[in-house]
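The sequence lines fix the lettering, A, B, ..., with proteins before strands; numbering per chain opens at 1.
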Amino acid sequence: MPELPEVEVVRAGLAPAVTGARIAAVDVLDERALTRHDAASGDFERLTTGAVIRAVVRRGKFLWLPIGEVAGRIPGDGRNDSRPRAIVGHLGMSGQMLLRTPDHPGDDRHARIRLHLEHPAHGELRVDFVDQRTFGSLAVDRMVATADGEVAGFSADVTGEWARSVPTQVSHIARDPLDPAFDDDLLFERMSRRASGVKRMLLDQGVVSGIGNIYADESLWAVGLHGEQPASSLSRPRRVELLRAVRDVLGKALVEGGTSFDAQYVNVNGQSGYFAHSLNAYGRAGEPCPRCGTPIVREAFMNRSSHRCPRCQRLRRRRAATAR
DNA sequence: CGACTAGCCTGAAGGC
DNA sequence: TGCCTTCAGGCTAGTC
């Protein structure tokens, strides 16, 4: 469930608590949480233990924590590679980053990885990576300079030496629509070359990141577009409209998620339904469209579901294609 | 290169 | 009561 707004809530909650903290110890409780960690680069525990967390950064649905040296020691493999590293995290479907006190009972059935931290101001604390369905993961990764030279993602501090670097695992992920460096014209241009449906494109993290099934459906509902409408068939004004809707939907969800956020408990499971009460199409099959009253329909799409209003969101075929 | 799909995974919910 | 199927869906790797 976590899409851009939920991941940003996690980032914003985590950042003040862990920035500047030293990783005193690491418990890997389930190796499956390290599926994206390249074992050849070194042992996850060894690469992280002793490191200091410099920031918490997000691009789309990816989070990363740049880590640096502490007390004269550079955590690493000793191969004298000075490129900075980061702990990269993806929450997958059910991942959570739970901020806890060190004495919190360790009875979490789905706790996969624990980071025991020492913060100069806040003392000892713990970050538990909890993930029921194990689609999420943590990894240590090298950082590379961003292709456009701009700040890599969203964080409070954009002046650190890591600010214009992105983990290699995230380098192929496009910027998200709320990123100040997002290139609107580049997106519109790429749409011209997309014969596939506009929803498929919205979900392609290499084109525009941060959007999942929920906010894709909501954005398409907002502008009255059918998800199977070929991206290349949209006029420029329609593309502009769609991007504006995406930003609006993500932004509103962010505000709502942010207001219901409890700093002591970073929950991204969607259980508290950050945005659930303001959904217009997603998950509302059979219920009246808030705009026209026609029942919302649910349709199979890419091994999941699409929700749309059959009246407001019609497929508009080109005249040439339907000529009889 | 773009387009598209299988597979990864667990727990809740519904049918019989 | 209990077994079975379906559903949730982000991402990667692979084919065409």
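- The shortest heavy-atom contact between Q169(A) and A139(A) is NE2-CB, 3.7 Å.
- Residues passing the salt bridge (Lys or Arg N to Asp or Glu O under 4.0 Å) test with R238(A) are E241(A), sequence neighbours excluded.
- A search for side-chain hydrogen bond (donor to acceptor under 3.5 Å, both in side chains) contacts involving K61(A) returns nothing, not counting sequence neighbours.
- Distance CE (M302(A)) to C1' (dC7(C)): 16 Å, rounded to an integer number of Å.
- Sequence order on DNA chain B of the closest nucleotides to N303(A) and A195(A) puts A195(A) first from the 5' end.
- The side-chain hydrogen bond (donor to acceptor under 3.5 Å, both in side chains) check on R304(A) picks up nothing, with sequence neighbours excluded.
- For E299(A), the side-chain hydrogen bond (donor to acceptor under 3.5 Å, both in side chains) test picks out R308(A), with sequence neighbours left out.
- The ring-ring contact (aromatic ring centres under 6.0 Å, His included) search around H104(A) returns none, not counting sequence neighbours.
- In this structure N303(A) satisfies the side-chain hydrogen bond (donor to acceptor under 3.5 Å, both in side chains) test with no other residue, sequence neighbours excluded.
- Counting non-hydrogen atoms under 4.0 angstrom, R190(A) reaches nothing in the nucleic acid.
- Once you apply a 4.0 Å limit to the heavy atoms of chain A, the touched nucleotides of DNA chain B run 5' to 3' over dA3(B) to dG11(B).
- Every salt bridge (Lys or Arg N to Asp or Glu O under 4.0 Å) that D30(A) has, sequence neighbours left out, goes to R32(A), R112(A).
- A search for salt bridge (Lys or Arg N to Asp or Glu O under 4.0 Å) contacts involving D157(A) returns nothing, not counting sequence neighbours.
- Across its full length, the helix from dG2(B)-dC16(C) to dC16(B)-dG2(C) shows an angle of 50° between the axes of its 5 terminal pairs at either end, rounded to 10 degrees.
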Protein proximity profile, nucleotides 11-16 of chain C - base contact B, sugar-phosphate-only contact S, no contact -, cut-off 4.0 Å on heavy atoms
BS----
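- Counting non-hydrogen atoms under 4.0 angstrom, S305(A) reaches the backbone sugars and phosphates but no base.
- Membership of the apolar cluster around V166(A) extends to V57(A), F62(A), W64(A), V88(A), M143(A), V144(A), W162(A), V170(A), I173(A), as traced through chained side-chain contacts below 4.5 Å between ILVMFWY residues.
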